[in-house]
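See below for the structure under consideration.
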2 protein chains.
Amino acid sequence: VTAAGTTDLVRSARDGDLRSVARLISLVEDGSAQIREITGQLSAGSGRAHVVGLTGAPGVGKSTTTTALISAWRERELRVGVLAVDPSSPFSGGALLGDRIRMQAHATDPGVFIRSMASRGQLGGLAAATPQALRVLDAAGFDVVVIETVGVGQSEVEIARTADSVVVVLAPGMGDAVQAAKAGILEIGDVYTVNKFDRDNARATLREIRHMLAMAPAPAPAPDLTAPTDQAAWRWTPTVIGTVASGGEGIPELVESLDAHRSWLTASGELLQRRSRRAAGEIEALVVAGLRHRLEAAGRRGTLDDRAREVARGRLDPYTAADQLIAELTHNQSQT
Amino acid sequence: VTAAGTTDLVRSARDGDLRSVARLISLVEDGSAQIREITGQLSAGSGRAHVVGLTGAPGVGKSTTTTALISAWRERELRVGVLAVDPSSPFSGGALLGDRIRMQAHATDPGVFIRSMASRGQLGGLAAATPQALRVLDAAGFDVVVIETVGVGQSEVEIARTADSVVVVLAPGMGDAVQAAKAGILEIGDVYTVNKFDRDNARATLREIRHMLAMAPAPAPAPDLTAPTDQAAWRWTPTVIGTVASGGEGIPELVESLDAHRSWLTASGELLQRRSRRAAGEIEALVVAGLRHRLEAAGRRGTLDDRAREVARGRLDPYTAADQLIAELTHNQSQT
């Protein structure tokens with residue numbers, strides 16, 4: 001793609017052309033030579049889209065919930081992007097027939113863009129590609145971007161780092177509230193749904209989750225002192241909603257709760273905090289990649305990988321290795 | 001702790017004193033001022049312990065399996081360390097009564113050291129503290145160190161990065177083989193157990209898992225060409241074992257399989273590869289922390305956090321931010 005080509009691509013993506021959006025995501029994902037140029041063009045005025053992370057254990061109904069949310073947002077004429085990081089998601093091609101049929105409704109809708117991030121090699125790579133794809137969708141004017149991840153455990157940290165609002169989907173019988181609390185899942189959600197709410201014990205699960213959330217330590221207040229002094233805006237109390245996503249029950253309440261959370265994020269200053277954390281992670285990864293490249297381009301021996309091997313052999317400790325790398329980097333004046 | 005104090009601590013930890021082991025882990029976890037000195041002393045001749053990662057969804061019986069493994073290893077007079085990263089693990093204090101009773105057998109055994117990493121704040125911090133704690137246990141002469149994590153999804157990547165051998169614990173009815181395959185769990189295990197093997201459908205689950213593994217693309221061959229040329233050593237075929245961990249069934253086979261995997265790791269050269277990757281991650285994190293500290297200590301404006309905020313506001317793109325940081329770092333000659 002030529003320089004003029006990327007400018008054209010960015011322009012037509014902003015105009016809503018889904019093929020240009022897809023092309024740009026592929027370019028940034030593949031680490032194209034134009035990635036800096038594209039990212040520079042995309043970054044101007046970004047940050048409009050509401051980024052909703054959606055997570056939960058396999059089988060709770062994440063994709064069904066996403067599909068129901070898309071329908072609700074489309075009724076309000078919002079444009080919706082979906083990044084499916086979950087390899088078990090029907091959006092990632094791992095679909096059961098019923099899920100595929102439900103999704104079909106959105107497949108031809110020009111206001112909906114669905115992208116699987118699951119085929120992008122190892123999971124580690126996904127975390128790197130997701131902010132890039134998100135930037136493209138944001139710049140292309142999508143009002144909401146859903147990032148769907150499968151998750152129990154550490155993976156929620158990733159989604160909490162990336163999303164503005166986190167929806168945790170639970171289901172009755174998929175492990176009770178105590179299990180969820182122990183797994184740390186009650187610390188990361190802004191909105192909880194108990195899906196398959198027509199099942200036995202669903203109400204008991206909902207009550208338990210509410211009870212556990214009420215007992216949890218209060219979240220830290222938003223630290224932005226320039227925010228409005230309305231005390232009610234300082235803290236967000238996570239909501240818990242019963243849903244039957246396949247039938248659309250509870251979905252209006254979920255949409256409403258996400259709207260309220262988005263308003264709170266802005267009013268409290270927490271939106272900028274969350275997005276700054278996300279950006280810091282992205283910059284750090286780029287700094288490390290850049291420094292590594294610089295060392296290698298300078299043809300120096302003793303790069304990171306060589307030192308890592310010495311540490312693995314017990315011949316060098318990691319602090320000394322890190323000090324040596326920093327010293328080399330900060331005293332290397334050669335332009336590469 | 002004085003310099004002489006840390007030397008004494010390291011010496012008595014190497015002599016098998018569990019209180020010194022616990023003290024050293026606390027010191028490295030807390031980022032003590034002596035951390036470089038301690039790590040330097042610990043790193044010499046490290047790498048003896050077999051690091052076993054053990055993961056699976058909540059409720060499959062991870063802790064019961066770990067407890068059964070400890071008993072088996074103790075019969076062979078091996079010293080065993082356990083790092084419980086899983087906040088729902090009984091080892092982390094989130095115990096149900098039955099689990100606690102089973103563990104009690106090991107609580108007073110001087111050949112067993114159990115440490116919960118779950119209370120070390122946010123999950124992100126756990127990943128940083130685990131290699132440090134591992135180094136202490138390794139230096140203190142533990143023969144096996146089990147790292148227990150809860151996991152479905154991205155968290156396995158972390159464990160696969162840290163462990164020499166990965167055990168994935170599955171259970172019949174906890175999501176079938178297809179679900180497991182989709183969740184990426186069939187890509188990360190060296191040994192699989194189908195626990196609660198006395199349940200209905202357990203044999204069917206075992207067959208399915210074996211079938212899915214057989215269909216999976218072959219793992220990349222170990223790239224170390226200096227390894228023995230025995231072709232059988234090149235690839236490891238994951239084993240699948242039925243267990244009833246609470247009664248000890250299948251545990252001898254699991255221990256045997258882990259022994260075989262450890263032998264393969266050494267023979268194929270894969271052990272050094274895996275440990276080098278682990279060390280590289282640790283060094284990278286230390287380089288980033290060191291560079292950030294250097295920028296801040298130099299009193300420079302425009303540190304990472306300021307730039308992250310600009311990126312979050314859409315006023316700066318992350319590549320330019322990373323370039324600026326690298327330029328500042330590599331042209332800053334002041335010693336800090």
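Chain A is the first sequence line, chain B the second, and so forth, proteins listed ahead of strands; every chain is numbered from 1. This one's a predicted model, so the numbers in the text were calculated from it and none came from an experiment.
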Rounded at 0.5 Å granularity, tell me how far OG1 in B:Thr320 sits from CD1 in A:Ile283. 10.0 Å
From B:Asp317 atom CG to A:Glu37 atom CD, the distance as rounded to the nearest 0.5 Å: 11.0 Å
Indicate the atoms forming the closest heavy-atom contact of B:Ala280 with A:Leu304, along with that distance. O-CD1, 4.1 Å
Please give me the minimum heavy-atom distance between B:Ala312 and A:Ala279, naming the atom from each residue. N-CB, 4.2 Å
For the residue pair B:Ser276 and A:Ala308, what are the closest heavy atoms and their distance? O-CB, 3.3 Å
Interface moiety of B:Leu316 toward chain A, non-hydrogen atoms closer than 4.5 Å: backbone
Could you state the interatomic distance from CD (B:Gln273) to CZ (A:Arg309), rounded to the nearest 0.5 Å? 5.0 Å
